[in-house]
Each structure stands twice: as C-alpha cells, then as structure tokens.
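The structure's right below; bear with me while I get my questions together.
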Amino acid sequence: MESIKGKQSMHVLDMTQGSPVRLILTFAVPLFIGNIFQQVYSMVDTMVAGYNLGDNAIAAIGATSSLYGLLIDFASGLNSGCAIVVTQRFGAHDEKKLKAAIAGMIELDAAVTVTLTVLSLVFLRPLMCFMNTPDAIFEQAYRYIAVICAGMAATITYNMFAGILRAFGNSRTSLYFLIISSLLNIGMDLLFVAVLCMGVAGAALATVIAQAVSATLCGVCVFHNYGELLPGKEDFRVPFELIAELFSNGIAMALMYCVVDLGSVIFQRANNALSEIIISAHTASRRIIGIMMQPLATISTALSTFIGQNWGAKKPERIRMALKQVMGMEIAWSLFGCFIIFAFGGTLVRFTTGTSNRTIIDNAVMSLRWHLAFFPALGCLLALRTAMQAMGQKAAPILSSCIELGMKLLSAAFIIPHLGFFGTSITEPVTWTLMLLFLTTAFKGRTICQQKKRHGHVP
C-alpha cells in the first residue's frame, strides 16, 4: 500500500478523488493522441500503397482487415479484461493482489500470443478463400496479412504494457513511444514501398517493426518506473481463484470483441464479393471512420479506468456522475464529426487514398455520411458498455455483441446481396442503435434491482 501511494505524485493517477471530468480528460488527452498515432499505422499503409501501388493495393490491404481484427481483438480483449482486475486492485491499494494480478495477466498473454500466431499462420490461406478474397488481389493480400500475423507478438506485448500503465492511471508514457514508432513507421513505409519496391509486404513489415519498437520502449519504462509494483518470482504462483477471475474477465471481454469480429469477417466476406473497387471504397471509409471514432473510444477507455478504480474504492456516486458527463462529451464530439464529414468527406477520401476514381470516392463518402450520422448513438453505446464492464457486469455487454453478430450475419446473407454497398453502409449504424437500446434497458434494470436490494425490497 505504501508503494502505491508513494508513486502517486510521479507516475500514477488516483481517480478516486477530485473532479471526475478533470480526471477523465487529464487521462484521456494523451491517450487520445496515442490512439491517433496508432491509427496512423493503418492510415499510412493505405496512403503509401495507394499513391505508389494503385487502387488494387488498397483493396489488398483492406480485404483481410477484419480477419486480422478477429485475431488481435481476441488477445486485446483478454488483455483489457485482465487490466480491469489490475485496475480494481490498484484502486483498492492492495499491493499483494495487484502484483499477483499482473503476474497472471503476463502468463495469459504469453499463452495467447503463441497460440494465435501459430493458428493464424497455419490456417491463413483457407480463411482468405472463405472470405471471398478476389483472385486479382489474393497474393498481395496474403503477403500483407502473413507478415502482420507473424508479428502479432509485438502488438500484444505493447497492449499488455499499455494496459498496465492505464491501470496505474498513466496514459502519457505510452503516448511518447507511440509518437516515436509512428514516425518510424512512416519512414520505413516510404523506404520499403517507394524506394525498395517491396510492395504491400513492405508496408506490413514497417508496421510490425514500428510496433515492436513501441512495445520494447513501453516495457523498459514499466520495469524502470514501476519495479516496486511489479511481480517477483514468488508472485507468479498465482492463486487459482485469481487466475479464474482474470480469465473470466478476460474471456468475457475477448468473447465480446470476437463475436463482433466474427460478424465482421462474415460481413467483409459479403462485401468482398462486390468488386475490387467497392473493397477500396470500404477500406478508405473505414480508415477515416477509425480516426473519427478515436475521441469516442478514448473517452470511453478513460471512463473504464475511472470506474474501475472507483468501483474498487466503493464510490458509486462518482461512477454515476462520471457516466452522465462522459455521455455528454461523446455526443458533442459526434455532432462535430458529423459536420466535418458532410462538409469535407470527399476531400478526405481523395487525400487518404490518392485515388481519382469517382466510384470509389462516391461510395466511400456515402459510407462515411451514414456512419457519422449515427455517431451519437455509438458514443453513448461505448460509454455505457465500458462502464458496465468496469463494474464487473459481463453478461449484457456480451449479449449486445451477439446483437451485432446477428445483424452482420443478416446483412451478409440478405441486405448486401440485395442492396450492394448501400447495405454495407447502413448495417453498423442500425446495429449501434439496437445495441444502445438493449444496454440502456439492461443497465436501468440492474440499477433498479440494486436499489431495491439496498432498501430491503428484494430478499
């Protein structure tokens, strides 16, 4: 306990005291900048490929993006779920259990890294065939995703160290390393693709190397600044009960992500059947949507850390206040982002891809406008879902992901074949709305039940 308190002034942020909005924004701003630089990885790949290799290279990069997302989000979800346990231990100032939780997190991450890397490389070609990857871009797409999967350990390791830092309330340190690695990624993209002519595999290699650099730097910082809070050899004999808690939280989060990503794989399979031009349009719009989504995701992540610490400290009033304020911020950004896309969507697509193909631009803009128009629903959804997860409510978030899976399966089977890319564009906005309605109902029902129990109305 003394070690935790002694570190407060330099490297950690205790969110159990002080203004919720100030604390969340203090935590979120550097996290947001870091997430933007993380998006630069994929954005630069698309831009360098588009300007130097043409529209088919953009399609090759985008054709397997949901497959990679399925693999990496399982590991990231497991990691995020474990980080909730670490955050709660930190909020409770329980140093012994904190060290044990970190040790268990490291063990689970190591096992997942080895398993996913091997499985993804062994079954990559059959999965790409299942996803209807067009013959014209199949080999390019395979070279790109094979390099990315082979370097999966770098991404998982970075996410693990960043999760530990966030649990301690430190969102600044990983930002500095992301800036360095993003600049490195840009330089290597230009070197490998434009100078050495390595094609899309060069873009993938640049991404993996940059991620490895950020993981290494982040790890060194964690061990240097938080040695007193990290587990020793004796802490790796993790009690079964704690392993079960870590695994339960991790799997709940991983399943939520995977259910979503499994739907995305089926969804992209249907979209891949439309044409290479449509794949390029979809890839361009997804890159821009990813950037515009970052403020929503960042504030929600900051809220999760805030709630995790205050849940561990048993301060429910602070949790309720923060949730309302965060939803207001999410809606404000959503409305601003909607204005940007409706005013400058076409310019952003041309800048991102370097394309002059009118069909690509028009379809990408249509997708952007539909998605951004429903960003207020998405913002409230992300805030509510992360809040429920941080409070240990696992069932409703997973069920909400099942709604997303069902909608994407429905879209792949009926909507996209009949409506084309318009069907692709409207599927997620409709899904976000349904998920928000479900989670709002579940959250209110849980809150009413808890209030009745506190007042003795429920046995």
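Side chains are part of it too, since the values below use all heavy atoms of this structure and drop only hydrogens, waters and symmetry mates.
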* Asked: Quick one: does Leu25's side chain get under 4.5 Å of Met329's, heavy atoms only?
  -> yes
* Taking side chain to side chain donor-acceptor pair (under 3.5 Å) as the test, write out the residues that go with Thr283, two or more places apart. => none
* To do: Measure from the side-chain N and O atoms of His282 to the backbone N and O of Ile278, and report whether any donor-acceptor pair falls under 3.5 Å.
  => no
* To do: Would you check if His371 and Arg286 make a side-chain contact, meaning some heavy-atom pair closer than 4.5 Å?
  => yes
* **Distance (rounded to the nearest 0.5 Å) between Leu323 CG and Ile307 CD1** => 6.0 Å
* Asked: So Val326 and Ile24, side-chain contact (heavy atoms from CB on, under 4.5 Å) or not? Walk me through it.
  -> CA-CA 9 Å; Val326 163; Ile24 289 171; 3.8 Å; yes
* Polar contact flag, side-chain donor to acceptor under 3.5 angstrom, Ser411-Glu428 -> no
* Asked: Between atom CG of Leu381 and atom CZ of Phe375, what is the distance when rounded to the nearest 0.5 Å?
  -> 11.5 Å
* Within a strict 4.5 Å, meaning less than it, do heavy atoms of the Leu378 and Leu296 side chains meet? -> yes
* Asked: Just by distance, do the side chain of Asn185 and the backbone of Thr207 share a donor-acceptor pair under 3.5 Å?
  -> yes
* Asked: Between the side chain of Arg369 and the main-chain N/O of Phe342, is any donor-acceptor distance below 3.5 Å?
  -> yes
* Nearest-0.5 Å distance, SG of residue Cys402 to CZ of residue Phe438 -> 8.5 Å
* Check whether any side-chain heavy atom of Pro397 lies under 4.5 Å from a side-chain heavy atom of Leu384, and answer yes or no. => no
* Student check: side-chain heavy atoms of Thr301 and Thr386 closer than 4.5 Å -> no
* Structure fact -> Value for CD (Glu107) from CE (Met105), rounded to nearest 0.5 Å, stands at 12.5 Å
* To do: Identify the two heavy atoms, one from Phe421 and one from Asn363, that lie closest to each other, and give their separation to 0.1 Å.
  => CE2-O, 3.1 Å
* Looking only at non-hydrogen atoms, find the nearest pair between Cys218 and Phe161 and report the distance. => SG-CB, 3.8 Å
* Asked: Mind checking what makes side-chain contact (heavy atoms from CB on, under 4.5 Å) contact with Leu217, not counting sequence neighbours?
  -> Phe177, Ile180, Val213
Side-chain atoms of residues 112-130: list all donor-acceptor pairs with protein atoms under 3.5 Å, sequence neighbours left out, distances to 0.1 Å.
from: Thr113; atom 1: OG1; to: Asp109; atom 2: O; distance (Å): 2.8
from: Thr115; atom 1: OG1; to: Ala111; atom 2: O; distance (Å): 2.9
from: Thr117; atom 1: OG1; to: Thr113; atom 2: O; distance (Å): 2.8
from: Ser120; atom 1: OG; to: Leu116; atom 2: O; distance (Å): 2.9
from: Ser120; atom 1: OG; to: Thr117; atom 2: O; distance (Å): 3.0
from: Arg125; atom 1: NH1; to: Glu139; atom 2: OE2; distance (Å): 3.2
from: Arg125; atom 1: NH2; to: Glu139; atom 2: OE1; distance (Å): 3.3

* Asked: Passes side-chain contact (heavy atoms from CB on, under 4.5 Å), Phe336 versus Met292? Steps please.
  -> CA-CA 10 Å; Phe336 175 74; Met292 300 301 293; 5.8 Å; no
* Which heavy-atom pair separates Asn249 from Gly81 by the least distance, and what is that distance? -> CB-O, 3.4 Å
* Asked: If we only count heavy atoms from C-beta on, is the Pro376 to Leu335 side-chain gap below 4.5 Å?
  -> yes
* Asked: Distance only, no hydrogens: is a donor on one side chain within 3.5 Å (strictly under) of an acceptor on the other, for Gln211 and Thr155?
  -> yes
* Interatomic spacing from CE in Met188 to OG in Ser181 - rounded to 0.5 Å -> 8.5 Å
* **Heavy-atom check, side chain of Ile209 versus side chain of Phe192, under 4.5 Å** => yes
* Asked: Is the distance between the ring centroids of Trp370 and Phe422 less than 6.0 Å?
  -> yes
* Structure fact -> Looking only at heavy atoms, the pair that brings Ser400 and Arg385 closest together is OG-CD, 4.1 Å
* Structure fact -> Scanning both residues in full, the closest heavy-atom pair of Val85 with Ala101 reads CG1-CB, 4.3 Å
* Please assess Met198 against Leu205 for the test side-chain contact (heavy atoms from CB on, under 4.5 Å), listing each intermediate value before the final yes or no. => CA-CA 9 Å; Met198 294 174 63; Leu205 182 60; 3.9 Å; yes
* Met152 side chain near Ile148 side chain, heavy-atom distance below 4.5 Å -> no
* **For the student: nearest non-hydrogen atoms of Asp189 and Gly202, plus distance** => OD1-O, 4.4 Å
* Structure fact -> d(Thr433 OG1, Phe374 CZ) to nearest 0.5 Å is 5.0 Å
* Asked: Passes side-chain contact (heavy atoms from CB on, under 4.5 Å), Ile279 versus Leu274? Steps please.
  -> CA-CA 8 Å; Ile279 296 173; Leu274 298 178; over 6 Å; no
* Not counting sequence neighbours, which residues clear salt bridge (charged side-chain N to carboxylate O under 4.0 Å, His left out) with Arg237? List them please. => none
* To do: Output all residues satisfying side-chain contact (heavy atoms from CB on, under 4.5 Å) with Phe247, sequence neighbours left out; order by chain, then residue number.
  => Leu108, Ile251
* Any residue meeting side chain to side chain donor-acceptor pair (under 3.5 Å) with Ser285, in chain and number order, not counting sequence neighbours -> Ser367
* Asked: Residues two or more places apart in sequence or in another chain: which of them pass side-chain contact (heavy atoms from CB on, under 4.5 Å) with Ile277?
  -> Ser275, Asn357, Thr359, Ile360
* **Those residues that, when tested against Phe236, pass ring pair (Phe, Tyr, Trp, His ring centres under 6.0 Å) (two or more places apart)** => none
* Asked: With sequence neighbours excluded, what pairs up with Ser304 under the side chain to side chain donor-acceptor pair (under 3.5 Å) test?
  -> none
* Residues in salt bridge (charged side-chain N to carboxylate O under 4.0 Å, His left out) contact with Glu276, at least two apart in sequence or another chain -> none
* Sequence-distant partners of Ser425, side chain to side chain donor-acceptor pair (under 3.5 Å), two or more places apart -> none
* For Leu348, side-chain contact (heavy atoms from CB on, under 4.5 Å) partners two or more places apart -> Ile288, Ile340, Ile341
